[in-house]
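Order of listing sets the numbers, starting from 1, for every ligand and every atom in it. Model, not experiment: these values are computed from the prediction. Residue numbers count from 1 along this sequence.
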Amino acid sequence: MKPTGGICVIGVQWGDEGKGKIVDWLAERSDVVVRYQGGGNAGHTVVVRGQKFVLHLIPSGILHPGRLNVIGNGVVLDPEQLLAEVDELRGKGVAVGRNLAVSNRAHLVMPYHKLLDRLGEEGQGEAKIGTTNRGIGPCYADKAARIGIRVGDLYHPSYFRERLARALAEKNRILRALYGHPPLRAEAIAERYLAWARRMRPFVADTVELLNAQAARGKRILFEGAQGTLLDLDFGTYPFVTSSNADACGVSAGTGLPPKRIGCVLGVVKAYTTRVGSGPFPTELTGPEGDRLRERGGEYGATTGRPRRCGWFDAVAVRHAVLVNGIDAFAVTKLDVLDDLAEIPVCTAYRVRGRRLTTFPADIRTLAEAKPVLTSHPGWRTSIRGARRYRDLPVAARRYLESLTRQLGVRLEMVSVGKDREETIVVDACR
Ligand code: GDP
């Protein structure tokens, strides 16, 4: 399929599907790579010829010379983190300059966002969402409450100080009343942010104009989703979700490119399921089978190092993601992690209070009660990491993939059989 608009790469499950590697592969075939939501809580891991890069804010296209990388208005930005990432990339020999543009409309993550994130979670006990404490949620909350501060405000220092004083007056009252925390000082914060603003200056742009101009010139645009559909603020497992639209629906609001500029939605889906943080997870394996998936798959968070919860592929949840994103094709990742299994169960329905359910429930309490109905597939019990063409895969592996794509009505575009760029099978490229 040759789409006329950009390609949107979306996580189909609870994030950590291996989007970084797929985006990296597609970035090679794109002119512009765009992040449109989330913040430094995302963590893509890309391995290029044995060298590991962990990217939090900067799009993976940065690893490909000549690509323009855009951090869109929908992203919430911690300038300290952005600049640290720039320094780290430069330290590893990656050029960062005119190839990076940061939206002047993106909201700034402020020190009180991080502080309130942490203090808020600590007080939640069992109801903890499991945030990364990077201030993302509180920053989006301020955006909606209209007391947020945007990147562009930094370049009008007196206005920036005004906005900061206003927000801080409220935050300091909350910090004192709810947490007995001493007040934060506006001047100290302003000095740090204005110093970072000077270093960020070369990157800051009106990315709405920039992106629309690129699209009008027929440039190939890649939208890089962070997190995953089941963590989407509207369509995920609320309240155990992230604070932005992590699915294809977030692209336009987070970039200023109209929906018709999306040509193809590629869903990145792990051959099994993982989840970080709290919340219901019907196919979770809490015993040795889960430990085995975690160890073989290296399922520890790229940002936090937290162990991920692991379980079997959940076709009910994935079907929901297919629906809300309009997924055209799948990139199935980490198939090699299943290499030594004799049997591979897949969840095809839920059983809830004696009823069979094939739709993903909006009600979190129903999801918490859901027991997976599993169908078993024979394993292939051999290493597939050397496979480079679809036909190199063992018959059982192909049957497994075909069963998933058939029941979900989605075309298979790519299969990832290892961490490295080369360990990828392209079945039917859309670019
Ligand atoms: P993302 O946020 O969706 O990009 O996912 P992460 O980067 O957090 O997690 C993906 C992890 O799996 C990284 O360590 C990748 O190097 C690794 N990975 C990606 N694809 C594969 C694969 O096909 N097989 C194996 N074994 N590892 C993979």
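- Taking all heavy atoms of K334, M414, K19 into account, the minimum distance to atom 18 (N) of ligand 1 is reached by K334.
- Below 3.5 Å of separation, one finds no N or O of G15 facing any N or O of ligand 1.
- The contact set between ligand 1 and S416, taken as ligand atoms under 4.0 Å from a residue heavy atom, comprises 20 (N), 21 (C), 22 (C), 23 (O).
- Checking only distances, G20 does come within under 3.5 Å of ligand 1, N or O to N or O.
- Heavy-atom distances between R308 and ligand 1 reach below 4.0 Å in at least one pair.
- At a 4.0 Å cut-off, at least one heavy atom of G418 sits close enough to ligand 1 to count as contact.
- We find that K171 and D142 are joined by a salt bridge, their nearest charged nitrogen and carboxylate oxygen being less than 4.0 Å apart.
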Set out, in order, the CA-CA distance, both residues' side-chain angles and the distance that settles ring pair (Phe, Tyr, Trp, His ring centres under 6.0 Å) for W14 and F240, then state yes or no. CA-CA 10 Å; W14 279 287; F240 300 99; over 10 Å; no
With a 3.5 Å cut-off and sequence neighbours excluded, list the donor-acceptor pairs that the side chains of residues 329-336 form with protein atoms.
unit_1	atom_1	unit_2	atom_2	d
T333	OG1	E17	O	2.4
K334	NZ	G297	O	2.7
K334	NZ	E299	OE2	3.0

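- With respect to the salt-bridge test (charged N to carboxylate O, under 4.0 angstrom), the residues E369 and R365 do not qualify.
- With a heavy-atom cut-off of 4.0 Å, D336 touches ligand 1 through its side chain alone.
- With sequence neighbours excluded, the residues satisfying side-chain contact (heavy atoms from CB on, under 4.5 Å) with E209 are D206.
- The proximity of V417 to ligand 1, defined as any non-hydrogen pair under 4.0 Å, is limited to the backbone.
- Classification of the Y400-F313 ring pair by plane angle, with boundaries at 30° and 60°, yields perpendicular.
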